[in-house]
Every structure is written in structure tokens, then in C-alpha cells.
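Note on naming: letters A, B, ... go to the chains in the order of the sequence lines (proteins, then strands), and numbering restarts at 1 for each one.
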Amino acid sequence: MGLRWFHFALWGGLIVGMLLLPQVVSNGTLRTMIFANYLAIFAISWDVLSGRTGYVSFGHPFLIGIGAYTTAILTKRFDVPVEISIPVAVLFTMIAGLLVLLPALRIRGSYFALVTLAFMELLYQLVQVIRPDLTGGTRGMSGIQTLTRGAANGYYLSTTLMLTIAVSMWLLMKTRLGTALSAIGMNEESVRGSGLSTTRLKAFAFLTSAMIAGLGGAFYVHYLGSLAPRALFDINFLFTIIVAALLGGTSTIIGPMIGAFFMTFLLEYLRPVLPGAERYFVYGAIALLLYMYQPKGLVELVRRGFKSLNKGRTA
Amino acid sequence: MSTALQVSNLVKRFGGLVATNNLSFSLKEGESLGLIGPNGAGKTTVFSQIMGELRQNSGTIELFGDEISTLSTPQRIRAGVSRTYQIPRPFGEMSVAENIRVGLMPDNIWQMIVSPPDTRRERELALSVGFLKADLGRMPTELAMGDLRKLEMARTMATAPKVMLLDEVFAGLTTGEIAQISDLIQSMRKDGMTFLIVSHDLPALEPLIDRAIAIERGTMIAEGTFSEVMNDKAVQASYLGGV
Ligand SMILES: Nc1ncnc2c1ncn2[C@@H]1O[C@H](COP(=O)(O)OP(=O)(O)OP(=O)(O)O)[C@@H](O)[C@H]1O
Ligand SMILES: [Mg+2]
């Protein structure tokens, strides 16, 4: 559980490796990596709440959408600088999430998932009817300010953001707070029976999750430069996030990251072979297979690999 | 000595079933009270109401003179009462040490983040209930029932209660383990801990309590010293009827 030197060595290696990558790979690969970075941010956000506490959120596109729409509208319609609009977007995401989803934290299991799913759909309907002059209605928005030019810069920005979030969440989850949140996922009653207010803990997990989703959503929209509601509030997008977290291994931070990269590149390589939505079947099948044979996810396979390497060295 | 726990006119109904029937009893500070009764008598239900996991239909529960019925379970634990569960409910994917860690945590998110776990206290608690150092890293799936009960006991002690409610702590334990837990309870009694103990193992229970009450179908049928209660006609009838 504790912090070990090799944890920091691994993070250090990962950071250096990722920052050197633009020297060796093509711009096309970098663009794919950018998407992987954002997916990793969303998957970490989902994991902090759902992977830990077992409250499965189907509403993360809702949170990401609030972050993305807020900064898009502020910058494009009101000429607010991004230095202000992004923090405001994050704050909005947290508030909106708190207002609508917190009551849902009192219900358990599939109902929680359903309620959160309903919010995603609701927001999709709302952006079309409420002030379409601001939201762009069904068509969405384009010509949103971008923060970087060129693949390499976009890659550096998204990598920095993703790694900052990943390392800080990893450190946070290494504390007793992480233990308490995991305990909720295992037996919420026993956590209360140990004297901890689970509502407060869940609210904290939720706010943290919403903060990351808002941050990711805001930066993502300023990378894309456009916003399409049907792509954002989409069940496939939702499942991509969840499968990335599950596939990589929940409650680990590094797991959702691995899962996100795996999924993004898999989808990318499948694109020429399976151009349509059939691709989603393929990764559904892969997720299912992995889940049956290694429910702890890819991260567990990597860990075992390391272990056997170690054994080989000492033997 | 002042009253630690005072239960007055407690009533709990499950539909037509009266699980607690106008029950009143009190526990002085440092006292140990046995709560006996046949299967389904309503012993666990009384615990759940004291802890706020079940809400009584009527009656009051006072802890050190304060009515606690409106408090949440974590608030009651902070007020100084804690229980073990008849069916142990460990955190399945956490080691023995981490299970105890959850009990030791302050109910304060900031403190959880900034101050590290007290691993020395975790070890102390684990050893005091009879675990070995090597057990600290073991997972609940590797533990026998006896170990799970010990873990339940340690996690409850970790919340630093002044009043402990023990629900069948001896069930599934070996004679050696029973002796160990009994010694632990005795030494805590010496230090002034207040106990309410439910046990079907009457020979093990007898030396641990100052007084006993017997209930049947939620109703108190006898009260007094252990032998007074055991010699009570109603108690004998209920136990014979129950077996
Ligand atoms: N949540 C519940 N809903 C309905 N009935 C319940 C509930 N909990 C307990 N009961 C019933 O209340 C009665 C008392 O149960 P309780 O578990 O308190 O008995 P007990 O004395 O602890 O028994 P045991 O010695 O078997 O542990 C039983 O008839 C039980 O079936
Ligand atoms: Mg019981």
C-alpha cells in the first residue's frame, strides 16, 4: 500500500518516456495519443468515483459536457479568456454535478446508474431547446478557440494535463482516503459501522470525479475546436470510458490509463478494417474476455509480468 | 457510577412481528451485562437500534445521558458506542491491517489525507485480539471464522468505544480462541470498558458479566445475576422450548 521508491521511478520513467515520444513517432500517432490522453483523463475521473466506491456512473458524458459547453460558450459567445473560462467550467461541472447527481448517491446499485444515465440524455435534449443561440442546438458549435497548434504541442499539453491528474490522483488515493473509498465499494454498511460518514466520502469522491471530468472536458473542447452534442452525449462514448477503466483495472489510476491507450489504439487500428460501429462489438468482446479471465484488468497482467521478470533475475 | 447506556420502552415492529417489546434496561459505566435469549428472540435487533442501523418505533436510547436516537450510526460511534456483527463483514479485498485501519480513521476527510495510517496501533490491536504479526497482511478470504471474529473485534475496538456491544463473538471459535478473547474482554473490563454481550455460549459468557437479562420474542422475561436468570422458570422454559 505504502509509497515505494520504485513507484516514483516508474512514474518518472513514464513521464520522461511520454515527453520524449514526439521525437520518435509520427504526427499521426501523436494525434491518436492526444485522444488517448483525454480518454485516460475521463477514465481516471470515472474510476475515482465508480471504480472505488462501486457506484457505477453512466453520467460522465453529462459532466464532461457541462465542462465543455461552459468554456465553449464563455469563450465563443462572450469573449471570456480561457484562463477564466476553464476554471469557471470546472466549477460549473462540480456544482451541476452536485446539484443533480448527489441526491442520486443515496440510492444504490443499478438505480444510481440509471439516474445518471438519464441526466446524460436530459442534457442532450436540453442543449437543443434551451438557448440554441448559445449552445448551437443539435448542430453544436465550431470555431472554438484552440490552445495549441500542431500535433506535438497538442500532445504536450494533453500529456501534461493527463499526467498531472494521474499523479495527483494516485497520491491522493494512496492516502487513507483512498482506503476508505475502496472500503465503501466492498461494504458500505461496515464503513458506517466503523464510524465514517459515507455520504460525505461519496460526495468528496463525486466532486473530485466531476472536477477531473470538467477539466478534461474543457481542455478537450479547446483541442477539438468544435463540439457535437450527439458525439458527446453518446452511449458509445460512455462505454468507451467505462470499458477503458474496467479493461485497465479499476481502483489503480494506472489501470484506466493503460486501458485508455489500449482502447484508443485498438479502435484506431480497427478503423480501416471495420469502419462502422462494428468496432465497438470487437472491443466489447475483448473487454468481456479479459473480464472473464483477468477481472483485475490489464494492470494485473503487467504486474505479473514484472513479477516473473523479477523472479527470473533473482533466480 | 453514572449510567452509560439507558434503553427505555423500546419497541420495534417488523410488520406484524414485534421484535422488541417495550424493552428497558440500563448499563452503568464499567458494567458488563449479558443479553441472552433463544434464536430469534430479538437480541441483534436491539443492537441495531442502539447503533441506529434500525430505527425503533418508539422508546428512547440514551448514551451517557444524551438521547442518541436522532444521530446517524457514525455519529453514535463518535459518541462512544460500537458493535461487532454476528456475521462478520470484513472488507473483502483488504488485508487484516487495512481492515483495522478503516476502524481507526477519523471521520474527517482532511485528516484522512494529511496524516498517515497509524500502523503501530493497527498492529497493537491485531495482536491484542490474538493475531500474529504474520497475519497482518492476510486477506479475509484466507481467514477461518475464528479469525474473522477476531478481526471484527479489532475493528470495533479501533473506533475507541466506551461502550462495546458484542454479538456472538465466540461462535465458531476454538476453546483456545475463546480463552484468548475472554482474557481480552476481562482486561478491558478492568480498564473500565462497558459491555453488552450476546452469546449462546453460556459457560463462556458467565465469567464475563456482572448481570444478565433474558428476552424472549422481544420481551424481557428475567433480570438479575447470571444464576438468578438461569434458574428462572420462564428462562428455562424458553430455552427448553427453543432447543
Ligand atoms: N430486517 C428485518 N425484517 C423483518 N424481520 C426481521 C428483521 N430482522 C430481524 N427480524 C426478525 O426479528 C426477530 C428477531 O431477530 P434477531 O436477529 O434480532 O434475533 P436474535 O435474538 O439476534 O437471534 P439469533 O440468536 O438467531 O441471532 C426474528 O424473528 C427475525 O426473523
Ligand atoms: Mg442475533
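- Checking B:Arg155 against A:Ser194 by side-chain atom types alone, a donor-acceptor pair falls below 3.5 Å.
- In terms of modelled atom types and a separation under 3.5 Å, the side chain of A:Arg200 and the main chain of B:Asp107 share a donor-acceptor contact.
- A:Thr198 does not touch chain B: none of its heavy atoms, backbone or side chain, sits under 4.5 Å away.
- To the nearest 0.5 Å, the span separating CH2 on B:Trp110 from CG on A:Leu177 amounts to 11.5 Å.
- Here the closest heavy-atom approach between residue B:Val102 and residue A:Ala183 is recorded as CG2-CB, 4.1 Å.
- Atom OG of residue A:Ser197 and atom CZ of residue B:Arg78 lie 7.5 Å apart, to the nearest 0.5 angstrom.
- Atoms OG1 and CD, from A:Thr179 and B:Glu98 in turn, are 6.0 Å apart once rounded to the nearest 0.5 Å.
- Using modelled atom types, one side-chain atom of A:Arg176 and one backbone atom of B:Gln111 make a donor-acceptor pair closer than 3.5 Å.
- Contacts between A:Leu196 and chain B at a heavy-atom distance below 4.5 Å involve backbone atoms as well as side-chain atoms.
- When heavy atoms are compared at a cutoff of 4.5 Å, B:Thr159 approaches chain A solely by way of its side chain, counted from C-beta outward.
- Counting heavy-atom pairs under 4.5 Å between each of B:Pro117, B:Ala158, B:Ser82 and chain A puts B:Pro117 at the top.
- Both the backbone and the side chain of B:Met105 come within contact range of chain A, with heavy atoms under 4.5 Å apart.
- Atom CZ of A:Phe92 is surrounded by 12 or fewer heavy atoms from other residues, nucleotides or ligands within 6.0 Å.
- The environment of B:Gln86 atom CD is dense: over 12 non-hydrogen atoms of other residues, nucleotides or ligands sit within 6.0 angstrom.
- Side-chain contact between B:Glu93 and A:Ser182 is absent, with no heavy atoms from C-beta onward closer than 4.5 Å.
- With hydrogens and angles ignored, the 3.5 Å screen pairs no side-chain donor or acceptor of A:Asn187 with any backbone N or O of B:Phe91.
- More than 12 heavy atoms of other residues, nucleotides or ligands lie within 6.0 Å of CZ in B:Arg55, so this atom counts as buried by the packing criterion.
- With a 4.5 angstrom heavy-atom cutoff, B:Ser115 touches chain A via backbone and side-chain atoms both.
- Only the backbone of B:Pro116 comes within contact range of chain A, judged by heavy atoms closer than 4.5 Å.
- Within the 4.5 angstrom heavy-atom criterion, atoms from both the backbone and the side chain of A:Leu201 approach chain B.
- Using a 4.5 Å cut-off on side-chain heavy atoms (C-beta onward), A:Arg192 and B:Ser72 make contact.
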